[in-house]
Amino acid sequence: MKTEKRPLQYGMIGCGMMGQEHVRNMKLLDNVELTHAYEPDDAMRMQMRQRVPLIQFHESVESLLCDAKVDAWVIASPNFRHAEQIELISELQPRPTLVEKPLCTSTGQLKRLLQLNKNFHFPIWVAMEYRYMPPLSAMLEEIRNPSCLGQLKTLSIREHRFPFLVKVGNWNRFNVNSGGTLVEKCCHFFDLMNLITQSQATKVFASGGIEVNHLDEIYFGKKPDIIDQAFVIVEFANGMRATLDLCMFAEGSLFQEEISAVGSAGKLECKIPGPDRFWPEDLGKPPKPELIFSPRFPKGVSRKEIVVDPLILAAGDHHGSTFYQHQRFQQVVLGDGKTEVNLEDGSLAVLQGLAAQESIKTGQAISLVEGAYSLDQFL
């Protein structure tokens, strides 16, 4: 890995749960240090200072961007702040920027960012961590091998997991802040669909609702409005279809994510357990991720366990993906790498999530080739 005479200095906006996962993984990299940050919450600042004793906090995003001279930015603030903070970075101190998913939370923000994108002169990397989970990386490699599945036909993604965790100020309990569950949580999966199908989504149909979680919670005099269960079907221009099955009250599942890709020659499955820290000790060792291949002819199943470095695994809740993502982003900061998840990728994932939320609201399939969610008016 290329090194510099001095460590690369990063600035961070937002030091909550995900911001601290980013820092734990940055600490595993050679030649990177977090030097400046903005975080309005006292408890989060205290926790971050325990991790980075010499960090310098600033009193506003504007003062951070004006006064801190850094090599790169990491945005890990609440979802609804991402777009405005990218705009401020563009105006005040454009540097390579890693922005947490989702890129934004509304079609209005999407339009502004994509219009500004024509004038951006710095890399923006949207943090779609799931691409970099070792089991999913292994699956993607096999899918790209034509001798494995033949011609890919269908894709299904199941996530059966724990409810949304508590965030600072409970901002993630409301659609207006998060973009809705199918944006906040599931933009990862729409991004995977786009990446795997290598085609443009044309239509989205979804059904879902609030079934179990947060029913008795009240914040600021209001009940949470985020859904906790949904089914989504996405059609693509190349004729492929993909499905998403989401349930956020199934934390007892052996595997959290199960992805199945079926082609003309066979089926490939990827099974990923939830974070090890949530696995009960009395049940023994937590399950390991695995890849399963089932060819059509001759029939027979092969299984492969995907091993993740324990040090990297312990640095976050995403099976090492945050570390591998930061490795690649570091190369972009050094001028040696390519932005692998760009603003357009992040925008498409958000748009599909917003369309799915609208489909649940209206009961109708939502077109991505005409009407209010047409891709053409955004790109």
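Counting begins at 1 with the first residue of the sequence. Values in this document were obtained by computation on a predicted structure and should not be read as measured data.
Side chains of S347 and L113 form no contact here, defined as non-hydrogen atoms less than 4.5 Å apart. V204 has its side chain out of reach of Y373: every pair of non-hydrogen atoms, C-beta onward, lies at least 4.5 Å apart. For the pair L64 and F57, the minimum side-chain heavy-atom distance is 4.5 Å or more. Side-chain contact between P135 and L291: absent, with no pair of heavy atoms (C-beta onward) separated by less than 4.5 Å. D228 places none of its side-chain heavy atoms less than 4.5 Å from the side chain of H214. In this structure, L149 and F293 have side chains that are in contact, with non-hydrogen atoms separated by less than 4.5 Å. Inter-residue side-chain proximity for Q330 and Y10 is flagged as met; some heavy-atom pair is nearer than 4.5 Å. The side-chain heavy atoms of T243 and L155, taken from C-beta on, include no pair separated by under 4.5 Å.
By the 6.0 Å contact criterion, CD on E281 is open, its count of non-hydrogen atoms from other residues, nucleotides or ligands being 12 or less. Crowding of E370 atom CD: a count of heavy atoms from other residues, nucleotides or ligands under 6.0 Å not exceeding 12. Atom NZ of K203 sits in a sparse spot, with 12 or fewer heavy atoms from other residues, nucleotides or ligands closer than 6.0 Å. Under a cut-off of 6.0 angstrom, the local environment of CZ in R241 is sparse, with at most 12 non-hydrogen atoms contributed by other residues, nucleotides or ligands. Around the CG atom of N145, the shell of radius 6.0 Å holds more than 12 heavy atoms that belong to other residues, nucleotides or ligands. Within a 6.0 Å radius of NZ in K223, other residues, nucleotides and ligands contribute 12 heavy atoms or fewer.
Residues E358 and T362 bring no donor and acceptor atom of their side chains to less than 3.5 Å of each other. Inspection of the Q325 and H318 side chains reveals no N or O donor paired with an N or O acceptor under 3.5 Å. For the residue pair Q327/Y132, the side-chain donor-acceptor check at 3.5 Å is not satisfied. A donor and an acceptor atom, one from each side chain of E159 and Y130, are located under 3.5 Å apart. Between the side chains of Q352 and N194, a donor-acceptor pair is found at a separation under 3.5 Å. The closest side-chain donor-acceptor pair between K111 and Q377 falls under 3.5 angstrom.
The residue from R161, H160, R158 that alone fulfils the side chain to side chain contact (heavy atoms under 4.5 Å, CB included) condition with C247 is H160. For the side chain to side chain contact (heavy atoms under 4.5 Å, CB included) with M44, the lone residue among E39, R49, M17 that qualifies is E39.
Judged purely by atom type and a 3.5 angstrom limit, D41 has no side-chain atom pairing as donor or acceptor with the backbone of V168. Judged purely by atom type and a 3.5 angstrom limit, D276 has no side-chain atom pairing as donor or acceptor with the backbone of A314. No donor-acceptor pair closer than 3.5 Å links the side chain of R51 to the backbone N or O of V23. In this structure a side-chain-to-backbone donor-acceptor pair under 3.5 Å is missing from N170 to V166. When atom types are taken as modelled, the side chain of R95 and the backbone of F122 share no donor-acceptor pair closer than 3.5 angstrom. With Q93 contributing its side chain and S90 its backbone, the two residues share no donor-acceptor pair below 3.5 Å. Between the Q9 side chain and the E33 main chain, no donor and acceptor come within less than 3.5 Å of each other. At distances below 3.5 Å, not a single donor-acceptor pair connects side-chain atoms of H22 with backbone N or O atoms of H326. Listed for the W73 side chain is no donor-acceptor partner under 3.5 Å among the backbone atoms of P94. Between the S264 side chain and the Q151 main chain, a donor and an acceptor come within less than 3.5 Å of each other.
Using the six-membered ring where Trp is involved, F220 and F174 have ring planes that are tilted, between 30° and 60° apart. Between F162 and F278, the two ring planes are perpendicular [angle over 60°; tilted spans 30° to 60°].
Between E141 and R144 no salt bridge is recorded (no basic side-chain N to carboxylate O distance below 4.0 Å). Salt-bridge formation is detected for the pair D71/R6: a Lys NZ or Arg NE/NH1/NH2 atom is positioned less than 4.0 Å from an Asp or Glu carboxylate oxygen. A salt bridge is defined here as a Lys NZ or Arg NE, NH1 or NH2 lying under 4.0 Å from an Asp or Glu carboxylate O, and K101 with E184 meets this definition.
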- Given side-chain contact (heavy atoms from CB on, under 4.5 Å), test H82 with V350 step by step and report yes or no. CA-CA 12 Å; H82 294 175; V350 166; over 6 Å; no
- Message: Go through it in stages, so that I can follow the logic: the residues are L244 and C186, the test is side-chain contact (heavy atoms from CB on, under 4.5 Å), and I'd like the CA-CA distance, side-chain angles, deciding distance and then a yes or no.
- Response: CA-CA 9 Å; L244 170 65; C186 300; 3.7 Å; yes
- Steps toward side-chain contact (heavy atoms from CB on, under 4.5 Å) verdict (S178, V183): CA-CA 7 Å; S178 70; V183 174; over 6 Å; no
- Task: Could you give me the CA-CA distance, side-chain angles and deciding distance for M240 and S199, then say whether side-chain contact (heavy atoms from CB on, under 4.5 Å) is met?
- Result: CA-CA 8 Å; M240 282 192 60; S199 185; over 6 Å; no
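Note that the CD1 atom of I306 and the CG atom of L136 stand 10.0 Å from one another [nearest 0.5 Å]. To the nearest 0.5 Å, atoms NE2 (H319) and CD1 (I312) are separated by 13.5 Å. For the atom pair D245 CG and I233 CD1, the distance stands at 11.5 Å (nearest 0.5 Å). Within the model, atoms CE of M139 and NZ of K271 stand 10.0 Å from one another, a figure rounded to the nearest 0.5 Å. Atom CD of E257 and atom CZ of F189 lie 5.0 Å apart (nearest 0.5 Å). A distance of 4.5 Å separates CD1 of I13 from CD1 of I89, quoted to the nearest 0.5 Å.
Hydrophobic clustering, with ILVMFWY side chains joined whenever heavy atoms are under 4.5 angstrom apart, groups V52 together with L8. Following chains of ILVMFWY side-chain contacts shorter than 4.5 Å, one cannot reach V126 starting from M18, and the two form parts of different hydrophobic clusters. Hydrophobic clustering (side-chain heavy atoms under 4.5 Å, transitive across Ile, Leu, Val, Met, Phe, Trp, Tyr) groups I55 together with V74. When the side chains of ILVMFWY residues are joined at heavy-atom separations under 4.5 Å, either directly or via intervening members, L92 and L98 end up in a single hydrophobic cluster. At a threshold of 4.5 Å between side-chain heavy atoms, the hydrophobic network of Ile, Leu, Val, Met, Phe, Trp and Tyr places L116 and L351 in one connected group.
Across Y324 and P134, no two heavy atoms sit closer than the pair CE1-CG, 3.7 Å.
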